[in-house]
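In this text, all values refer to a predicted model and were calculated from it rather than measured experimentally.
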Amino acid sequence: MSARTNPQIKAIVQGSGDDGGQSDEEPRSLTITAASSNPKMFTLPWEQPLSQWPQELLANLPRGISRHVVRFVHVGDEVYAMKEITRGVAEREYELLRRLQKLDLPTVTPIAVVTGRHSKSGEPLESILVTRHLKFSLPYRALFARNLRPDTAQRLIDALAVLMVRLHLAGFYWGDVSLSNVLFLRDADEFSAFLVDAETGDLHAALTDGQREYDMDLARTNIIGELMDLSSGKLLPGDVDEVEVGNGLVDRYHSLWSTLTDTEKFGPDEMWKIERRVNKLNELGFDVDELEMKTTEDGNRILVRPRVVDAGYASRKLLRLTGLDVQENQARRLLNDLDAYRASTWQDDEDLEIVATDWMRVVFEPTVRMIPHEYRSQIEPAQFFHEILEHRWFLAEKAGHDIPMREAVKSYIDTVLPKYKLNTEDVDKLNAEADSGVVDDESTYGFDGYGSDADDADDTDDSDDSEGSDAIDSDPDAAVWAS
């Protein structure tokens, strides 16, 4: 009996007793394993295949190409992404995403795993992995369906290279890197990439060079194929060389990895170079926790290697000053405007925290309140503000004098903002293409649901990774609701 017809629902904290433990036997009734409760989850039609859920429950958002059935669903005030897959894969991916989130890595947020689904006639249905929809994000095909800059492909690749470096630094082997498995957020003039599919991933204490290179080789091959597919659909600018872009991803990755991890030699009188190295890392958006320093055997040189802890240097600074939680490049641009406001209002001697409060009240908030209602689900306030600054600069350059902010906002809304909107016809076309790739056959996963191709890349001791999918059982934050 489904939870929709059985009001007697119990909550069990994982690890607190036998009822909360995971077993190999498929649950006989609907079971929702989640980090936090949302009662609206029990009102959903779990007894129906996901592809047949009522239209009024679905959010009309563009989906990426997937081998599984995926739908965006309204659950109370939230929008969740639902992916229909086998139980073992769902539970494993849920746990991996939770571990990546705890490492503060850019991934979608796991919400729940739903198992024990049965049709009204008693036939078993596949499990569902539930993640929170990443607001304002788009799959790569949706980005190319818009009138974007000719260098869009390169900017997406740059964002993916940064994501790959961050994941690899944390010891995550992906095993299925592609543009289809990533969501993109506009980040000022660049993009930020978020992992959305971790089915084939593995988390290790550290990756070997062989594992990293194997991941990058897969990424290069997949991305060249995806770009060629875009080209055949006339969505890719004609002057884009797909192979060159794929090779560029590998080059960009190696350059960034080297900058973050290489050991440099400095003379005793060249300590200023250490500060330059740290500043360069900060400019790339990475925080340095500590420096490992030791002298060479002859004592004439100092070896320095930074310990990079995380990306988000500018975004954390802006969050501390204003409470705005935005992407790294957006934060950098907003901080620059804050500095300009500080200088133009003769507040150089004032505490930055006080100036930031004034800037929010006088500059930022009045501007973003002007976003038209119909676009508030289309563009982030910080991105809107950044693009207003860009538009205002171009207007001023053309006019030969400063342009009032309100005038710049009106011009932007009238002439630029409409280009970002995907109409219903565009979304329907993209989703039809996404559904055309659905296979949903366990034999196509390429593994048994609990392993990956990572072991083929290099020999490594995985003794630190014995948690596997069983970690769900001992996670004190997780809970189970069963009917």
Side-chain angles (χ1 to χ4, degrees), residues 135-138 142-156 158-159 184-192 237 239-240 283 285 314-315 317-319 321-348 350 352 355-423 426:
K135 199 173 181 182
F136 305 112
S137 67
L138 288 171
L143 289 168
F144 282 99
R146 301 179 174 194
N147 297 319
L148 295 180
R149 288 164 34 181
D151 63 347
T152 295
Q154 188 57 56
R155 290 187 292 147
L156 295 184
D158 287 344
F184 293 94
L185 280 175
R186 294 192 201 91
D187 184 8
D189 290 327
E190 306 297 329
F191 289 98
S192 292
D239 59 347
V240 173
E283 288 171 6
S315 59
K317 180 178 180 181
L318 185 71
L319 180 64
L321 290 170
T322 67
L324 294 173
D325 189 4
V326 305
Q327 303 303 308
E328 183 68 9
N329 291 312
Q330 292 170 346
R332 192 174 291 117
R333 184 61 191 273
L334 268 58
L335 287 170
N336 287 342
D337 193 67
L338 172 58
D339 288 339
Y341 173 79
R342 187 184 196 183
S344 66
T345 54
W346 306 95
Q347 298 186 73
D348 288 335
E350 188 62 86
L352 188 55
V355 179
T357 300
D358 288 343
W359 174 81
M360 284 287 290
R361 177 177 53 83
V362 175
V363 181
F364 183 81
E365 290 176 350
T367 300
V368 300
R369 278 199 295 267
M370 295 178 69
I371 301 175
H373 181 76
E374 65 270 25
Y375 287 99
R376 290 181 182 177
S377 63
Q378 304 282 327
I379 187 168
E380 289 179 281
Q383 184 66 25
F384 179 84
F385 187 84
H386 158 74
E387 296 193 13
I388 291 297
L389 295 180
E390 290 279 291
H391 189 68
R392 186 186 185 194
W393 185 88
F394 284 117
L395 291 177
E397 185 182 45
K398 185 177 180 180
H401 57 78
D402 285 342
I403 301 296
M405 194 66 160
R406 182 169 290 274
E407 182 180 332
V409 172
K410 185 178 185 306
S411 172
Y412 173 84
I413 290 172
D414 291 341
T415 62
V416 179
L417 195 55
K419 297 178 183 178
Y420 285 105
K421 193 168 186 178
L422 279 171
N423 58 41
D426 292 331

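- Nearest heavy-atom pair across Thr322 and Ala356 is CG2-CB, 4.0 Å.
- Note that CE of Met360 and OG1 of Thr367 are 11.0 Å apart. Values are rounded to the nearest 0.5 Å.
- Atom CZ of Arg333 and atom CG of Leu338 lie 13.0 Å apart (nearest 0.5 Å).
- Sorted by first then second residue, the salt bridge (charged side-chain N to carboxylate O under 4.0 Å, His left out) pairs that include residues 398-415, not counting sequence neighbours, are Lys410-Asp414.
- Of all heavy-atom pairs spanning Ile379 and Ile371, the tightest one is CG2-CG2, 4.4 Å.
- Take Thr345 and apply the side-chain contact (heavy atoms from CB on, under 4.5 Å) test, not counting sequence neighbours, and it matches Tyr341, Gln347.
- The line from OG of Ser344 to CG of Asp339 is 10.5 Å long, rounded to the nearest 0.5 Å.
- In this structure, Asp325 has no salt bridge (Lys or Arg N to Asp or Glu O under 4.0 Å) partners at least two apart in sequence or on a different chain.
- The line from CG of Asp337 to CZ of Arg342 is 14.0 Å long, rounded to the nearest 0.5 Å.
- With rounding to the nearest 0.5 angstrom, the NZ atom of Lys317 is 6.0 Å from the CG atom of Leu352.
- Among residues two or more places apart in sequence or in another chain, the side-chain contact (heavy atoms from CB on, under 4.5 Å) test is passed with Asp158 by Gln154, Arg252.
- Take Arg392 and apply the side-chain contact (heavy atoms from CB on, under 4.5 Å) test, not counting sequence neighbours, and it matches Ile403, Met405, Ala408.
- Every side chain to side chain donor-acceptor pair (under 3.5 Å) that Glu380 has, sequence neighbours left out, goes to Gln330.
- Nearest heavy-atom pair across Ala382 and Val326 is CB-CG1, 3.5 Å.
- Judged as a side chain to side chain donor-acceptor pair (under 3.5 Å), and not counting sequence neighbours, the contacts of Ser411 are His391.
- In plain terms, the two heavy atoms of Phe136 and Gln378 that are nearest each other are CD2-C, 3.8 Å.
- Screening residues 365-390 for ring pair (Phe, Tyr, Trp, His ring centres under 6.0 Å) gives Trp359-Phe385, Phe364-Phe385, Phe384-Tyr412 as the qualifying pairs, with residues at least two apart or on separate chains.
- Contacts of Phe394 classified as side-chain contact (heavy atoms from CB on, under 4.5 Å), with partners at least two apart in sequence or in another chain: Glu390, Glu397.
- Partners of Arg361 according to the side chain to side chain donor-acceptor pair (under 3.5 Å) rule, which considers only residues two or more places apart in sequence or in another chain, are Asp358.
- With rounding to the nearest 0.5 Å, the separation of CD1 in Ile413 from CD1 in Ile388 is 6.0 Å.
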